[in-house]
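Quick notes on the structure that follows.
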Amino acid sequence: GQSSPSAPNARPLLPPTAASGEAGNGGGRGGGERAAPKAALLPEGGPSDGPGVAFGSGGPAIPPAAPVSERAARPAGPRDSGENAEASPPPKKPKYSQQEREAVCQAAWQRRKDRQARRRRQEEEKERKKNLAKVLKAQRPGECQKYIAVVLDPVLLQVEGGVQIRAALQSANYSCVVESQAVPCSITWRRKSVLSQAEDSNEWTEEPNLLVLLGLEEFLSMVRNYKQEDQGCAEQKETLQSFVTRVMEKMPGKTLALTVVEVEKYFRCLRAQSKKRLQQATVNRSQAEDRGDQRKKQVKDPGLEITRLDVEAALVDLQLCTRVQVTFFESWEELGEFATMFTKAVAEAPFKREQQNTGFSFYLENKWCRGVKVDHSGKGLFEVWKRQIQQFNRVSGEMAEAVVSAYPSPQLLVQAYSRCSSEQERENMLAAIPVRRGTGVTATCRRVGPELSRRIYLQMTSHDPDLCLDVTG
């Protein structure tokens with residue numbers, strides 16, 4: 001019944017945990033009893049077979065090593081930190097000298113200055129384009145009238161039709177200003193600056209146009225003085241030419257235009273008076289003959305009457321010497337309409353000058369210079385064929401039209417040449433085609449002629465690239 005003592009080298013048949021438990025208790029219990037495992041001696045996660053566990057030893061148990069994940073999660077001890085510091089020392093900040101620091105600051109300041117300058121140039125370019133768009137918009141017809149002001153002389157409003165002139169301008173939505181001018185009875189124009197910041201800004205530019213109204217009596221007096229001067233009168237009086245010279249001295253740089261109202265009415269009255277005097281002279285002559293008075297009574301010529309011929313002579317002299325024209329009007333209503341149209345022309349002048357400011361002295365968009373559009377259906381080929389014939393020297397549009405009407409395509413013309421029996425017949429095949437010019441009673445008719453017929457034949461059949469078709473051209 002008693003158990004024999006176990007040999008010293010014998011290995012117990014208990015699990016490792018149980019053997020360890022018995023070793024911890026000093027083997028005080030019998031072999032028939034099993035000691036319960038102690039939780040303090042077991043590692044977390046169950047038993048381990050690592051090298052730190054001793055079976056059957058009587059000493060204290062060594063806990064197994066922790067997993068790799070737990071070692072990574074644990075904070076490094078002082079020994080580990082020292083080892084890492086010795087292995088990879090922290091980078092030291094470089095030390096710059098005073099000159100290097102100043103150079104870095106200067107480069108940063110220069111870059112910032114360049115960015116500011118670039119941004120400023122971009123803003124200036126944007127503002128310039130914006131202002132240019134405003135100027136172009138203000139020059140367009142329909143918009144330019146808003147920036148024009150008509151300056152009327154107070155003397156002009158005191159004449160008979162001055163109020164009608166201002167009413168005509170205001171009815172066309174033009175701004176009218178009454179100011180004293182250097183030349184009485186004159187009209188000038190001002191243009192408001194488009195780029196003014198404030199709406200009520202007084203930035204105005206004078207336009208180079210000047211319209212002056214001459215009274216009828218004043219105009220006739222100038223014509224009469226010119227007539228007397230032309231006849232050799234030594235007395236110097238004001239003529240149209242001297243008046244224009246005086247005006248240009250007062251307002252240099254202006255383009256002057258003169259207007260006169262009711263000149264035709266004066267000529268009608270003059271004709272009526274002349275007819276009446278002639279009738280009176282006839283009656284007086286017949287009465288004198290009845291009384292037997294043989295004395296001849298001549299009609300007194302006042303000598304101050306100005307004829308249409310005198311007016312035309314004075315106007316021709318004025319245009320040749322000063323290049324200033326005088327415009328006549330039947331009524332004050334016509335003068336008001338003319339002032340309105342003149343104002344519109346002044347307002348649209350910059351826009352028209354900009355349109356005419358092209359890089360070429362000629363236009364390629366007219367009918368002859370531009371190309372011919374040919375669609376997929378072949379429309380336009382007839383015009384191309386006509387243009388080819390018209391490229392010959394001394395060939396008009398009527399001659400080309402006559403040739404292409406007889407032979408509507410180059411292929412038909414070549415086929416006609418192939419049907420001819422001789423070279424002479426081919427050269428003169430087109431000579432008899434009639435060419436008609438004009439319509440009605442002024443219409444004329446001629447023929448194409450043998451010379452053009454020969455040139456067209458050589459052009460259509462010759463294989464010599466150096467052949468001269470027109471020796472005289």
Side-chain angles (χ1 to χ4, degrees), residues 135-194 204-216 218-219 240 243-244 247-248 250-251 253-267 311-312 314-316 318-319 322-357:
V135 172
L136 295 178
K137 180 181 179 182
Q139 291 179 356
R140 295 175 183 173
E143 291 287 335
C144 56
Q145 287 84 354
K146 302 176 183 178
Y147 300 89
I148 285 292
V150 186
V151 184
L152 305 174
D153 187 74
V155 182
L156 180 63
L157 301 179
Q158 298 175 3
V159 299
E160 180 182 354
V163 179
Q164 299 180 7
I165 297 175
R166 182 170 65 175
L169 292 171
Q170 291 177 347
S171 63
N173 297 326
Y174 289 109
S175 175
C176 297
V177 181
V178 180
E179 291 183 6
S180 297
Q181 302 290 326
V183 180
C185 288
S186 63
I187 302 176
T188 58
W189 290 266
R190 295 175 185 171
R191 188 182 301 273
K192 187 177 181 180
S193 177
V194 183
W204 295 86
T205 304
E206 290 287 339
E207 291 294 321
N209 299 94
L210 176 63
L211 183 64
V212 178
L213 173 64
L214 289 177
L216 179 60
E218 184 181 10
F219 172 74
L240 288 174
F243 174 77
V244 170
V247 170
M248 298 308 295
K250 291 183 178 180
M251 305 184 71
K254 294 285 186 179
T255 303
L256 177 62
L258 302 178
T259 58
V260 185
V261 182
E262 296 181 347
V263 176
E264 291 297 328
K265 181 180 179 180
Y266 165 77
F267 287 137
V311 172
E312 292 178 355
L315 294 181
V316 170
L318 178 66
Q319 293 179 14
T322 63
R323 297 183 180 180
V324 175
Q325 295 185 355
V326 183
T327 308
F328 299 145
F329 299 98
E330 288 283 345
S331 61
W332 293 100
E333 289 79 6
E334 290 185 2
L335 179 57
E337 295 177 359
F338 176 77
T340 303
M341 293 186 296
F342 203 100
T343 304
K344 181 180 179 182
V346 171
E348 297 178 355
F351 177 77
K352 293 182 179 179
R353 284 196 298 266
E354 189 67 24
Q355 281 189 328
Q356 295 175 359
N357 188 19

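Looking only at side-chain heavy atoms (C-beta outward), F243 and V212 come within less than 4.5 Å of each other. Between L335 and L213, the closest side-chain pair of non-hydrogen atoms falls below 4.5 Å. Proximity of V150 to W189: side-chain heavy atoms (C-beta onward) are separated by under 4.5 Å at one or more points. At least one side-chain heavy atom of Q325 sits under 4.5 Å from a side-chain heavy atom of Q319. In this structure the side chain of L240 reaches within 4.5 angstrom of the side chain of L315, judged on heavy atoms. Side-chain atoms of V324 and M248, non-hydrogen and from C-beta on, never get closer than 4.5 Å to each other. The shortest side-chain heavy-atom distance between N173 and Q145 does not fall under the 4.5 Å cut-off.
In this structure, the side chain of T188 does not engage the main chain of N209 through any donor-acceptor pair within 3.5 Å. Between the side chain of K146 and the main chain of Y174, no donor-acceptor pair closer than 3.5 Å is present.
Checked against C185 for a side chain to side chain contact (heavy atoms under 4.5 Å, CB included), the options V155, L211, T259, L152 give a single hit: V155. Among K192, R190, R191, the one residue that satisfies the salt bridge (charged side-chain N to carboxylate O under 4.0 Å, His left out) test with E206 is R190.
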Q: Let me see the working for V263 and L216 under side-chain contact (heavy atoms from CB on, under 4.5 Å), right down to the final yes or no.
A: CA-CA 7 Å; V263 176; L216 179 60; 4.0 Å; yes
(Q) Before you tell me yes or no, could you show the steps for F219 and F328 under side-chain contact (heavy atoms from CB on, under 4.5 Å), namely the whole-Å CA-CA distance, both residues' side-chain angles and the distance that decides it to 0.1 Å? (A) CA-CA 11 Å; F219 172 74; F328 299 145; 3.7 Å; yes
Q.
Pair L258, V244 - check side-chain contact (heavy atoms from CB on, under 4.5 Å), show working.
A. CA-CA 9 Å; L258 302 178; V244 170; 4.1 Å; yes
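Of all heavy-atom pairs spanning L210 and S186, the tightest one is CD1-CB, 3.8 Å. Considering all non-hydrogen atoms of both residues, A168 and T340 come closest at O-OG1, 3.6 Å. Summarising the geometry of G162 relative to L157, their closest heavy-atom pair is O-CD2, 3.7 Å, with the distance given to 0.1 Å. Considering all non-hydrogen atoms of both residues, P208 and G253 come closest at CB-O, 4.0 Å. For the residue pair K254 and E207, the shortest heavy atom distance occurs at NZ-O, 2.7 Å. In plain terms, the two heavy atoms of I148 and A347 that are nearest each other are CG1-CB, 3.6 Å.
Here the straight-line distance linking atom OG of S171 with atom CD of Q164 works out to 11.5 Å at 0.5 Å rounding. Distance CD/E333 to CD1/I165: 10.0 Å, rounded to 0.5 Å.
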